[in-house]
**Q** 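Structure below; questions to follow.
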2 protein chains.
Amino acid sequence: MSRAFVSKTQKRSPSEDFLRMVAERFRVLGEPMRLRILHALIDGEKSVTELVEATGATQANVSRHLQTLAGTGILGRRKEGLRVFYRIRDQSVLDLCDHVCGSLDRDLRERTKALR
Amino acid sequence: MSRAFVSKTQKRSPSEDFLRMVAERFRVLGEPMRLRILHALIDGEKSVTELVEATGATQANVSRHLQTLAGTGILGRRKEGLRVFYRIRDQSVLDLCDHVCGSLDRDLRERTKALR
DNA sequence: CTGTTATATACGTATCAAATCATATAGTTG
DNA sequence: CAACTATATGATTTGATACGTATATAACAG
């Protein structure tokens, strides 16, 4: 596996631009509502209206978050008549989420244990 | 592997609190300066002053980011005399970064290819 | 064309976070 | 004790962004 952040071969620190791009990816995932949208798309593509129902947010808000998610390539867009369907474009983003969930779990367990 | 975000067994959507916690983890990683600090800590613990030198940021700013990173359990703290040393507490956070770097790479390649 | 539906966006507001400066705190040295 | 060093934090400014309301755009139906 090639490591771009933790490079075994080159010690040079990442460029400003590179760090900005990586940070942007994380930042996009750093909003509960966007995670909710992502979760709603796990079992396949959905239209904006369906996502509005699934999330309970306003149409405008969902639409904006969808632009953000699609803008960074996390979601794909497909137009069909009046409706626009969004889908998870790179399933590996779900691995990311699970990774974070896993370490969150571990930390919560550790803290619980520390309380006794 | 247990999946907390993408659960095969339960379809119930994640609670508000859970999503907030997951989002917070991503958000913490969503700042270039914090990634820079993280990168500086790859080859072992460093004092605040060393991190100030490595990142080029002000002492106050580095200190604040360190509080943030330590607060979510990403970094560990060790006090020795006047100095405080920080270290990466859970190495798996580096996997996360590389994961993002990888998908970033893929997207950039795809866009480059699309230009031709 | 008119009306209707689905989605996107402009604008205003409120909130939050990053950075800086100045200062406080804690540990060390003499 | 005073002076010094390393780190943390309060106060402020500034910039970003999430959300709501209203409106614009686009596709379709009649």
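Every chain is numbered from 1 and lettered A, B, ... according to where its sequence line falls, protein lines coming before strand lines.
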**Q** To the nearest angstrom, how far is B:Glu45 atom CD from D:dT7 atom C1'?
**A** 16 Å
**Q** Atom CG of A:Leu51 to atom P of C:dA6: distance rounded to whole Å?
**A** 14 Å
**Q** Using only atom types and a distance under 3.5 Å, with no angle test, would you say the side chain of A:Asp98 pairs donor to acceptor with the backbone of B:Val6?
**A** yes
**Q** Could you run through nucleotides 19-29 of chain C and give me one letter per nucleotide, 5' to 3': B if any protein heavy atom sits under 4.0 Å from the base, S if only the sugar-phosphate is that close, - if neither?
**A** BBBB---BBS-
**Q** Are any of A:Arg78's side-chain N or O atoms less than 4.0 Å away from OP1 or OP2 of C:dT7?
**A** no
**Q** Would you say D:dA8 has OP1 or OP2 under 4.0 Å from some side-chain N or O of B:Tyr86?
**A** yes
**Q** Starting at CZ of A:Arg77 and ending at P of C:dA6, how long is that distance when rounded to a whole Å?
**A** 16 Å
**Q** In whole angstroms, how far is the C1' atom of C:dA18 from the CD1 atom of B:Ile37?
**A** 12 Å
**Q** Quick check: do B:Arg78 and B:Glu80 have side-chain heavy atoms less than 4.5 Å from each other?
**A** yes
**Q** Nearest to the side chain of A:Val84, heavy atoms from C-beta on, is which of D:dA18, D:dA8, C:dT7?
**A** C:dT7
**Q** May I ask you to check whether B:Ser15 and B:Arg20 show a side-chain donor-acceptor distance below 3.5 Å?
**A** no
**Q** Counting distance only, does the side-chain N/O of B:His39 pair as donor-acceptor with the main-chain N or O of A:Phe5 below 3.5 Å?
**A** yes
**Q** Between B:Glu16 and A:Arg36, is there a side-chain N and carboxylate O pair less than 4.0 Å apart?
**A** yes
**Q** For DNA chain C, which residues of residues 16-30 of chain B approach it to below 4.0 angstrom with any heavy atom?
**A** B:Arg27
**Q** Is there side-chain contact between B:Asp107 and A:Arg89, with at least one heavy-atom pair below 4.5 Å?
**A** yes
**Q** With a 4.5 Å limit on heavy-atom distance, are the side chains of B:Glu50 and B:Phe85 in contact?
**A** yes
**Q** Just how far, in rounded Å, is C1' of D:dC19 from CD of A:Gln67?
**A** 16 Å
**Q** Does B:Ile74 reach the side chain of B:Thr68, with side-chain heavy atoms less than 4.5 Å apart?
**A** no
**Q** Do B:Glu45 and B:Arg77 sit within salt-bridge range, that is, some charged N less than 4.0 Å from a carboxylate O?
**A** no
